[in-house]
2 protein chains.
Amino acid sequence: MVAIGEAARLSGVSIETIRYYEHEGLVAKAGRTASGRRTFSKASIYELRFIKRCRDLGFSIHDAVALRSLANEPANACETVGQLDRNHLTDVRAKIAELRRLESALIELVANCAKEQHDCPMLDALMGQNS
Amino acid sequence: MVAIGEAARLSGVSIETIRYYEHEGLVAKAGRTASGRRTFSKASIYELRFIKRCRDLGFSIHDAVALRSLANEPANACETVGQLDRNHLTDVRAKIAELRRLESALIELVANCAKEQHDCPMLDALMGQNS
DNA sequence: CTTGCTCCTGTAGCCACTACAGAATGTGCA
DNA sequence: TGCACATTCTGTAGTGGCTACAGGAGCAAG
């Protein structure tokens with residue numbers, strides 16, 4: 001049993017975020033000492049780490065909770081997990097595509113921008129009537 | 001002079017967002033009819049379009065305002081615009097790189113997930129001790 | 001016994017909107 | 001003219017996922 005600061009160090013989740021997770025019901029409520037300080041078991045630290053890994057993979061909190069409860073289920077978990085993963089992968093790829101679109105637009109716009117230029121081609125494009 | 005609904009249609013910015021922009025001082029305050037409804041000139045619609053284009057390119061509101069005021073400045077605008085663009089481009093590329101990292105992690109994790117499997121490799125990885 | 005660290009609760013802020021509620025005004029048609 | 005319906009108004013609250021305080025209390029080491 002460790003205090004919240006140690007739990008934060010061990011799990012990689014910040015103190016504030018741990019409290020936020022508890023408040024939102026995302027993880028089980030921590031125990032308390034006589035003076036009201038939270039205490040964390042090994043299990044609860046693993047729980048925090050699990051959530052953190054999901055978040056680091058870009059899963060929403062909602063999905064992270066879903067994954068966490070799948071970890072306790074015996075049957076068919078793997079299939080559901082795979083589905084969540086593939087859905088998320090689709091989202092990630094859509095974001096990549098969108099960002100690449102932005103990237104090439106930005107490259108094109110900045111291409112003719114330079115010092116000592118009277119008219120800025122990028123500003124012209126942003127102000128223009130077309131499209 | 002058109003009403004806010006028409007301005008929204010013409011600029012591509014939603015009614016609520018137009019009001020939000022005005023409230024935040026992002027665009028000039030619209031004129032008003034006798035009964036208090038907003039009126040929009042061609043110029044203010046172009047202004048909205050300008051902001052929208054910046055936002056569509058992924059610029060923050062802060063940057064969009066900066067770009068807008070550069071459009072009214074005579075000298076050296078193009079260089080500053082180019083700098084803003086390149087900074088943003090750097091951010092976009094960082095995000096792409098991060099998402100690609102996620103993408104490959106997700107692919108690897110889901111690789112061995114399938115129906116009828118007892119242990120889920122993805123859950124195992126998320127729960128594991130290492131790193 | 002004091003110094004300084006950790007921890008507590010509760011609230012506000014971030015970004016850029018979006019979604020109401022409830023009221024007033026405007027428009028088209030019989 | 002009367003009525004229905006569309007549009008607009010203000011103001012507030014919610015979204016996601018934290019982060020950053022303020023102000024107070026407990027705890028451990030010297």
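In what follows, every heavy atom counts, from backbone to side chain, and hydrogens, waters and symmetry copies are set aside. A quick note: this is a predicted structure, and the numbers were derived from the prediction, not measured. Lettering follows sequence order; numbering is per chain, from 1.
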Considering every strand and a 4.0 Å limit on heavy-atom distances, what is the contact class for [X]: base, sugar-phosphate, or nothing?
| X | value |
| --- | --- |
| B:Tyr21 | sugar-phosphate |
| A:Ser60 | sugar-phosphate |
| A:Arg55 | sugar-phosphate |
| A:Thr33 | nothing |

Between atom [atom1] in [X] and atom [atom2] in [N], what is the gap in whole Å?
| X | N | atom1 | atom2 | value |
| --- | --- | --- | --- | --- |
| B:His23 | D:dC9 | NE2 | C1' | 14 Å |
| B:Asp56 | C:dC17 | CG | P | 9 Å |
| A:Arg37 | C:dT9 | CZ | P | 11 Å |
| B:Ile15 | D:dT8 | CD1 | P | 5 Å |
| A:Arg32 | C:dT6 | CZ | C1' | 14 Å |
| B:Ile4 | C:dT25 | CD1 | C1' | 15 Å |
| A:Ile18 | D:dG17 | CD1 | C1' | 15 Å |
| B:Glu24 | C:dT18 | CD | C1' | 14 Å |

**Request:** Locate the shortest heavy-atom distance separating A:Cys120 from A:Cys113; write the atom from each residue and the value.
**Result:** SG-SG, 3.5 Å
**Asked** Which heavy atom in A:Val27 sits nearest to a heavy atom in A:Glu47, and how many Å separate them?
**Response**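 What the structure gives for the nearest pair is CA-OE2, 3.7 Å.
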Is the phosphate of [N] approached by [X] (side-chain N or O, under 4.0 Å from OP1 or OP2)?
| X | N | result |
| --- | --- | --- |
| B:Ser14 | C:dC17 | no |
| A:Ser35 | C:dC7 | no |
| A:Arg19 | C:dT11 | no |

**Request:** State the CG-CZ distance between A:Leu67 and A:Phe50, to the nearest 0.5 angstrom.
**Result:**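 Reported to 0.5 Å precision, the distance equals 5.5 Å.
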**Comparing B:Ala3 and A:Ile61 on DNA chain D - which has the more 5′ nearest nucleotide** =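 In this pair, the answer is B:Ala3.
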**Request:** Decide, yes or no, whether a salt bridge links A:Glu103 with B:Arg86 under the criterion of side-chain N to carboxylate O below 4.0 Å.
**Result:**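 The answer is no: the pair does not qualify as a salt bridge.
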**Item:** Salt bridge B:Lys95-B:Asp91, side-chain N to carboxylate O under 4.0 Å
**Value:**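 No, this pair does not count.
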**Contact nearer the 5' end of DNA chain C, comparing A:Glu16 with B:His62** = A:Glu16
